[in-house]
Amino acid sequence: MKTRRDFIKISAVGTGATVLGLSAFGAKKFKWFEPKIEGPVSDEDLTPYATYCEVCFWKCGAWAYVDKQGRIRKIVGNQNDPHCNGRLCPRGTGGVGMYYDEDRLKTPLIREKKADGSQEFREASWEEALDLVASKMKEVKEKYGPEAFGLFNHGNPGGHLEHLMRAYGSESNAEPAFANCRGPRSSAYFATFGAYIGSPECTDIRDTGCLVLIGSHLGENMHNSQVQEMSQAIDNGATIITVDPRFSTAAAHSTHWLPIKPATDIALLMAWIHVLIYENLYNKAFVDQYTFGLDHLKEHVKNMTPEWAYGITDIKPDVIRKTARAMAGAAPAVVIHPGRHVVWYGDDTQRERAMAILTALLGAWGKRGGLYIPEGVSVPKYPQPHYPEPEWTWKDINEGKYPLATMGITTELLKASVPRLNYKHQVKAWFVGGTNLPLAMPDKKLFKEAAEAVEFIAVMDTMPMEITGYADVILPEATYLERYDFIRSSPNRVPNIAVHVPAAEPKYDSKPGWWIAKQIGERLGLHDYFNYDDFSEVVDWQLKQLGTSLEEMKKIGVKEYPRKSGPLYLGDGEEFKFNTSTGKVELYSVDFADEGFEAMPVYKAHPEPPQNFYRLIYGRAPMHTFSRTSNNPNLWDLMSENAVWVNPKVADLWALKKDQEVWLKNQDGAVTSFPVKVRVTERIRWDSVYMVHGFGHSDKKLSRAYGRGASDEELITNIAVDPIMGGTGMRGNFITFLKDNPATEVKEDKA
Ligand SMILES: Nc1nc2c(c(=O)[nH]1)N[C@H]1C(S)=C(S)[C@@H](COP(=O)(O)OP(=O)(O)OC[C@H]3O[C@@H](n4cnc5c(=O)[nH]c(N)nc54)[C@H](O)[C@@H]3O)O[C@H]1N2
Ligand SMILES: Nc1nc2c(c(=O)[nH]1)N[C@H]1C(S)=C(S)[C@@H](COP(=O)(O)OP(=O)(O)OC[C@H]3O[C@@H](n4cnc5c(=O)[nH]c(N)nc54)[C@H](O)[C@@H]3O)O[C@H]1N2
Ligand code: SF4
Ligand SMILES: [Mo]
């Protein structure tokens, strides 16, 4: 049996040199990051500062250790944190590289148009940069109304900008974490259970008897506690079923690997549902008491047999039956993992619905080893006036499309910025904070046209990422290690909070996001919304309402609270009203039917790769977060470029050799700016190729990451839009290989 150690080794607290089981990914051994500072230090010479990691959005509680000269020496997990159990993933450990990266944005920059028509960035004072942003915000407000100032945001930095924009009168905002990531599962689980799945997902993996991963590639997707819990589940002998066209790290540690034909998962899910119903394997007590629509569902899946699904998915009928029975055998302790980046083929909300229905049939909602009932701490709002009511918001931009969207849709905000598309509500200027749109948005042409069309763009970032090349003003933010920030209060098994305290002064002339938002707010006469001198006052006030203080939290970092909502799991037969139209778990969705969508999922065929083309699929590497870490000195050291995974049969056909550099061209003629090395491997199906997302940076100011590997984003020109919530399905793109350099000259991405 595989043990936890074999699976993946995450840095443990207090160890000097951390060893990670990364050999499976072809990486070098992970070295503890030592900034180039003279002399070793012992832990007694270091002072710990409480923080939570922001290398990704999992927010693991951590300590940043600082030496007597004020230099950050290492970051380790907080042992008191029930969310990370004292351990960080490789990226978290290497997060200090974000602070030390010498390519960081150092001063505010303003775009200047020169007499000869050329443009360049010049250094500016904060005063000048902030005045310029505030004056543009005033101008847009006068000319078009504040709603025309759009915001693209992600994470904490975006949170401060969102506060500023709401106070100013705009709620025209969107973040890629919805329509480019989790949106379909939010809408699907809400429609089914009347509850969101949350972040962290309320998956009780540590106690599960059966974990089912539909494309979720835990182990490469390094969401820390889930990876730890999956290791625990493996140690406990849980059945792991991984459905992935690629032999992922998770697949390598699974009881069953189902190498599905891409884009056919709904057929597999419906066949599983068929087996559970027609073999009478579903949880009758749960279904009778809590669900609505079993008869409809039974009729609906009547002909969706394993034999039917075999012809679609390539998964043999006996494997479908065997795995369905394995789930039923472990029920209700089954986690059907909802996935996270689930915008694949445009019918993603329906695929997520199928996963939610399967969960319900297994009786796994609110059950140990299934989905637990999460609870968060409600952090009181700092006393400030209500926001003004905007005349229109992101919702109105959609003009009635995507009725079940719960957040702004990035592509719609882009389209509303292009006058040619005649949107009723037009966006005229952007604020961007904490999102690198050129590498996060599919359909680069649309992005470029929108960026050209708007009158003004302000970007707040820590690095000279591609998005800064489109800015009129660049505002350099301090990294997460140099600023106070929001209290972490995400729902979890145990309600808890974590604080985020600066471990060092902001390097160079960078400033915290809260400070930048406040300075602009003050210039706009919005003092009442920024009624503090330092964000630590807000944090301290909120902590005091929660019966603690900043002083105490600086010492402990994380604090737990007792649950108020009741136990973590539903009791047997306990009465429970779900927040849906029927008050029940909806196997048949009344809301979907009302909106004119299919009330139960239906498999529909998607386009197949044309001859000599292969489906482009992409995912994560354990040591990187999207495009944000590619230039991080520590993490770059572990993995400096991506490769394109090619099946040996395909490599033979094209006479491709290991490490040979190729350019990739898609069905619409889009070609990667940079070449990428070939990795010949049986781990990918012959009809697909695979790449890790986040490489192929085109901004030369990223001295390490520039031109390393290729960007999957450049090849994603076709978007399969989800009609239910506006998700941008990105996996309907097909590539072919170019062995010779298609361009004589590689152009820098603006800037
Ligand atoms: N082709 C393709 N596109 C994708 C995906 C994919 O796999 N392939 N994944 C999708 C998914 S799941 C998601 S969630 C999105 C993520 O999309 P993004 O949110 O755009 O992801 P990042 O690459 O992390 O970009 C974050 C930006 O924030 C900056 N940043 C980092 N730390 C800070 C900070 O402390 N302050 C400020 N102000 N800025 C900071 C970084 O330098 C970077 O420019 O992308 C989506 N788009
Ligand atoms: N190290 C690291 N971890 C991360 C992140 C990161 O940047 N770096 N980002 C975090 C974020 S924001 C997100 S959203 C998640 C994303 O991570 P997940 O939600 O786990 O994964 P996806 O990106 O949806 O899917 C990637 C997997 O889907 C498989 N796949 C491709 N097509 C199909 C198909 O048609 N059917 C099936 N069944 N499988 C298919 C791919 O082979 C790959 O293994 O990762 C999170 N964790
Ligand atoms: S999962 Fe890793 S990168 Fe993400 S917050 Fe936790 S330690 Fe940081
Ligand atoms: Mo994501």
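In listed order, ligands and their atoms are each counted from 1.
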Exercise. Hey, which atoms in ligand 1 end up nearer than 4.0 Å to a heavy atom of E713?
Worked result: 1 (N)
Problem set entry | Y480 N/O to ligand 1 N/O under 3.5 Å | no
Exercise. Between F456 and F431, is the ring centre distance below 6.0 Å?
Worked result: no
For this session: List the closest protein heavy-atom neighbour of atom 17 (O) of ligand 1: residue, atom name, distance to the nearest 0.1 Å.
Result: A440 CB, 3.4 Å
Problem set entry | Heavy-atom nearest neighbour in the protein, as seen from atom 11 (C) of ligand 1, with distance rounded to 0.1 Å | N180 O, 3.6 Å
Problem set entry | Protein contact of atom 37 (C) of ligand 1 - nearest heavy atom, named by residue and atom, plus distance | E477 OE1, 3.1 Å
Exercise. Of D637, N632, D101, which meets side chain to side chain donor-acceptor pair (under 3.5 Å) against R704?
Worked result: D101
Problem set entry | Validation row, ring centre H697 to ring centre Y706 under 6.0 Å | no
Exercise. In the protein, which heavy atom is nearest to atom 26 (C) of ligand 1, and how far is it?
Worked result: G434 O, 3.3 Å
Exercise. Any Lys/Arg nitrogen of E466 or K700 sitting under 4.0 Å from an Asp/Glu carboxylate oxygen of the other?
Worked result: no
Exercise. Hey, would you say the Y470 and F447 ring centroids sit under 6.0 Å apart?
Worked result: yes
Exercise. Is there a heavy atom in R340 that sits closer than 4.0 Å to ligand 1?
Worked result: no
Exercise. Can you check whether H83 and W58 have ring centres sitting under 6.0 Å from each other?
Worked result: yes
For this session: Using a strict 4.0 Å threshold on nitrogen-to-oxygen distance, state whether K511 and E477 make a salt bridge.
Result: no
For this session: Report the nearest protein non-hydrogen atom to atom 44 (O) of ligand 1: residue, atom name, distance rounded to 0.1 Å.
Result: D461 OD2, 2.6 Å
Exercise. Are any of the N/O atoms in R620 less than 3.5 Å from those in ligand 1?
Worked result: yes
Problem set entry | ligand 1 contact on M98 by region, counting heavy-atom pairs under 4.0 Å | side chain
For this session: Under 2.8 Å from atom 6 (Fe) of ligand 3, which protein N, O or S atoms are there? Could you list them by chain and number?
Result: C60 SG
Problem set entry | Ionic contact status for E352 with R182, cut-off 4.0 Å | no
Seminar exercise, completed: At under 4.0 Å between heavy atoms, what of I716 touches ligand 1? The answer is side chain
Exercise. Are H154 and F57 close enough that their ring centres sit under 6.0 Å apart?
Worked result: yes
Exercise. When you measure from atom 24 (O) of ligand 1 to every protein heavy atom, which one gives the shortest distance, and what is it?
Worked result: R628 NE, 2.7 Å
Problem set entry | Residue from R206, R493, R87 passing salt bridge (Lys or Arg N to Asp or Glu O under 4.0 Å) with E229 | R493
Problem set entry | Electrostatic pair R111:D472 at N-O distance under 4.0 angstrom | yes
For this session: Kindly say whether the aromatic ring centers of H163 and F486 come within a distance under 6.0 Å.
Result: no
Seminar exercise, completed: W515 meets the ring-ring contact (aromatic ring centres under 6.0 Å, His included) criterion, sequence neighbours left out, with W126
Problem set entry | Close N or O approach (M460, ligand 1; < 3.5 Å) | yes
For this session: Using a strict 4.0 Å cut-off to heavy atoms of H154, name the atoms of ligand 1 that fall inside it.
Result: 14 (S), 16 (C), 18 (P), 19 (O)
For this session: If you have a sec, work out which protein heavy atom is nearest atom 22 (P) of ligand 1 and how many Å separate them, to one decimal?
Result: F626 CD1, 3.6 Å
Problem set entry | Side chain, backbone, both or neither: the part of Y618 lying under 4.0 Å from ligand 1 by heavy atom | side chain
For this session: Answer yes or no: is there a donor N or O on one side and an acceptor on the other, between the side chain of T51 and the main chain of H500, under 3.5 Å?
Result: no
Problem set entry | D712 N/O under 3.5 Å from ligand 1 N/O | yes
For this session: Taking the side chain as every heavy atom from C-beta outward, state whether P90 and M222 have any atom pair closer than 4.5 Å.
Result: yes
Exercise. Which protein heavy atom lies closest to atom 34 (C) of ligand 1, and at what distance to 0.1 Å?
Worked result: T462 CG2, 3.5 Å
Exercise. Taking both backbone and side-chain atoms of N436, is any N or O found less than 3.5 Å from an N or O belonging to ligand 1?
Worked result: yes
Exercise. In terms of atom number and element, which parts of ligand 1 are under 4.0 angstrom from non-hydrogen atoms of R483?
Worked result: 34 (C), 35 (O), 36 (N)
Problem set entry | Proximity of W514 and H160 rings by center, below 6.0 Å | no
Exercise. M465 heavy atoms, cut-off 4.0 Å: which ligand 1 atoms fall inside?
Worked result: 42 (O), 43 (C), 44 (O)
Problem set entry | Option passing salt bridge (Lys or Arg N to Asp or Glu O under 4.0 Å) with E54 (candidates R628, R483, R91, R488) | R483
For this session: Determine whether the side chain, the backbone, both or neither of E714 has a heavy atom under 4.0 Å from any heavy atom of ligand 1.
Result: neither
Problem set entry | Short N or O distance, E54 and ligand 1, threshold 3.5 Å exclusive | no
For this session: Would you mind checking if R185 and D348 are paired as a salt bridge, meaning a charged N to carboxylate O distance below 4.0 Å?
Result: no
Exercise. What atoms of ligand 1 come within less than 4.0 Å of a heavy atom belonging to S627?
Worked result: 23 (O)
